[in-house]
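The analysis underlying the following values was restricted to heavy atoms, covering all of them including side chains, and did not include hydrogens, waters or symmetry mates. Chain A is the first sequence line, chain B the second, and so forth, proteins listed ahead of strands; every chain is numbered from 1.
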Protein chains: 2
Amino acid sequence: MAKIDAARRAEIGQEKRARTRAQILDAGTMLLAERPPEALTVDAVVEAAGVAKGTFYYHFQSIEELAAAVGAKLGESFDDLLTAARLELPDPIARLSFAFTQFLDKAISDPIWARLVVQSSQAPTEFARGIRAHLKADLTEANDQGRLSVHDVELAADIVIGIWLQVVRGSLERRAASDLASQALNAVLRALGASPPMQNLAVA
Amino acid sequence: MAKIDAARRAEIGQEKRARTRAQILDAGTMLLAERPPEALTVDAVVEAAGVAKGTFYYHFQSIEELAAAVGAKLGESFDDLLTAARLELPDPIARLSFAFTQFLDKAISDPIWARLVVQSSQAPTEFARGIRAHLKADLTEANDQGRLSVHDVELAADIVIGIWLQVVRGSLERRAASDLASQALNAVLRALGASPPMQNLAVA
DNA sequence: AGTCATTTCGACTATATAGTCAATACGAGA
DNA sequence: TCTCGTATTGACTATATAGTCGAAATGACT
């Protein structure tokens with residue numbers, strides 16, 4: 001007897017636990033891509049994840065908590081797409097353009113991700129506010145440099161986000177044209193009254 | 001006895017019936033402005049409408065049918081805002097601009113309507129397709145006149161709709177600036193690469 | 001006041017979904 | 001093989017929602 005290493009025991013379970021949690025999270029991701037959280041049932045999740053009902057409640061307190069976890073994961077995916085750009089591009093419009101294109105390319109190549117983002121855009125979540133905050137920072141900087149026709153930053157953000165979201169919706173319903181991303185980006189820049197970033201960056 | 005006029009009887013009930021149906025429709029409109037149809041329950045509707053459950057099923061077969069009726073009513077409200085413009089404005093860009101502004105003004109002055117439209121934009125309904133069809137017709141005509149930079153009509157439609165929807169969302173969360181509508185319209189026209197309509201709208 | 005087609009009501013049964021918990025399975029180390 | 005902390009299971013109770021239906025109310029007309 002004697003030695004009962006609690007920490008070790010917890011460690012042991014961790015892998016199995018993490019795997020099951022990931023299963024549930026993936027199932028939730030898939031389901032939340034096609035319906036709003038209000039219409040998501042625990043039964044549907046456990047069936048899709050292939051686990052028992054009790055297991056769901058062992059990992060999450062409620063559907064809302066699962067939805068929050070999915071939202072957090074989604075937020076990370078956005079950060080992943082951005083980190084490279086944020087450091088290397090000093091020009092705010094170039095940064096904005098790069099991010100816009102990155103996100104759009106991702107949406108076109110990963111429809112489930114795209115559907116999830118579109119669904120999430122309905123009820124402003126934490127990650128959505130983060131994205132908007134970054135965008136507004138870039139827009140403010142560009143505006144301070146006198147490079148925008150739209151001086152209202154909130155409106156400018158709505159223009160960028162609005163076009164992006166609707167173009168993504170369009171790409172989910174119709175086949176996306178090959179030059180859709182650059183076409184959409186140009187439209188955004190024209191809408192903002194911003195000239196395209198000077199030199200060609202890695203945008204092309 | 002003798003005379004039992006069935007047609008007359010039906011006519012009698014009509015007024016009461018119409019009133020109750022309108023109550024349910026209004027309640028459904030209010031509730032669908034704040035949640036998606038998948039999350040709407042019959043109990044919630046009948047409570048909001050102040051009628052018994054059986055009454056709901058006497059008028060509608062299901063929540064989906066109610067949602068469709070609300071959608072149809074919404075479609076009519078769009079048509080009402082358009083009919084004046086459609087006949088009097090021969091210029092497609094002027095027409096588009098007028099409609100955009102009309103819809104935006106309506107959204108700003110009627111938040112419930114705005115919320116309902118935003119909610120409805122998630123799952124493309126019949127009326128949404130109608131709006132888009134009209135828009136595409138105007139855009140096609142303008143493009144045929146060589147007045148657009150965006151030649152892809154689907155993309156052009158997504159730009160207009162996307163900006164509109166997101167600006168409406170913004171106006172629901174923040175206070176709308178006084179010149180929001182014209183600012184947004186100018187952004188749309190720039191995005192499309194269309195010069196603003198000539199001076200007076202009454203002339204081509 | 002009486003008649004009767006129409007409308008409304010709400011109690012009732014079905015079913016679906018939420019949330020709990022005692023029992024079981026798992027698996028690394030003794 | 002056995003122990004024991006952790007993870008998983010699924011049957012079970014609660015509650016919520018769907019959908020039905022006989023009874024009651026309504027009101028124009030006689």
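Remark: DNA chain D takes part in the stems C:1-13 with D:18-30, C:18-30 with D:1-13, each of 3 or more antiparallel Watson-Crick or G-U pairs, criterion distances under 3.5 Å.
Residue-environment remark: CD (A/E47) stays at or below the threshold of 12 foreign heavy atoms within 6.0 Å.
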Can you give me the N/O atom pairs linking the protein to nucleotides 21-23 of chain D at distances under 3.5 Å, or say none if there are none?
none

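In this structure, D/dA14 shows a glycosidic angle within 90 degrees of zero, which is the syn conformation. With its glycosidic angle more than 90° from 0, C/dA25 adopts the anti conformation.
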Name every donor-acceptor pair, under 3.5 Å, that has one atom in a side chain of residues 18-28 of chain A and the other anywhere in the protein, sequence neighbours excluded.
from  : atom 1 : to    : atom 2 : distance (Å)
A/T20 : OG1    : A/K16 : O      : 3.2

Under 3.5 Å, sequence neighbours excluded: what are the donor-acceptor pairs made by side chains of residues 65-78 of chain A?
from  : atom 1 : to     : atom 2 : distance (Å)
A/E65 : OE1    : A/Q61  : N      : 3.4
A/K73 : NZ     : A/T29  : OG1    : 3.0
A/S77 : OG     : A/L74  : O      : 2.6
A/S77 : OG     : A/W113 : NE1    : 2.9

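Between the CZ atom of A/F56 and the P atom of C/dC21 there is a distance of 17 Å, rounded to whole Å. Computed from coordinates, the B/R19 CZ to D/dT26 C1' distance equals 11 Å when rounded to whole Å. In this structure, B/R21 atom CZ and C/dT8 atom C1' are separated by 16 Å, rounded to whole Å. In this entry the distance linking CD of B/E47 with P of D/dA18 reads 13 Å, nearest Å. For the pair B/E65 CD and D/dG19 C1', the computed distance is 14 Å after rounding to whole Å. The OH-C1' distance, from A/Y58 to C/dA25, rounds to 13 Å in whole Å.
Distance CD/B/E34 to CZ/B/R115: 8.5 Å, rounded to 0.5 Å.
When the side chain to side chain donor-acceptor pair (under 3.5 Å) test is applied to A/Q102, no partner is found at least two apart in sequence or on another chain. Partners of A/D110 according to the side chain to side chain donor-acceptor pair (under 3.5 Å) rule, which considers only residues two or more places apart in sequence or in another chain, are A/K106. The salt bridge (Lys or Arg N to Asp or Glu O under 4.0 Å) check on B/D43 picks up B/K53, with sequence neighbours excluded. Residues meeting the side chain to side chain donor-acceptor pair (under 3.5 Å) test with A/E64, sequence neighbours left out: A/S62. Scored by the side chain to side chain donor-acceptor pair (under 3.5 Å) test, A/H134 finds A/R86 as partners (sequence neighbours excluded). Remark: B/E141 pairs with B/R95 by the salt bridge (Lys or Arg N to Asp or Glu O under 4.0 Å) rule, at least two apart or across chains.
The shortest distance between the side-chain N/O atoms of A/H59 and the OP1/OP2 oxygens of D/dA7 is not below 4.0 Å.
Contacts between residues 23-44 of chain B and DNA chain C, counted as heavy-atom distances below 4.0 Å, involve no residue at all.
Judged as a ring pair (Phe, Tyr, Trp, His ring centres under 6.0 Å), the pairs with a partner in residues 21-59 of chain B (not counting sequence neighbours) are, in order, B/F56-B/F60.
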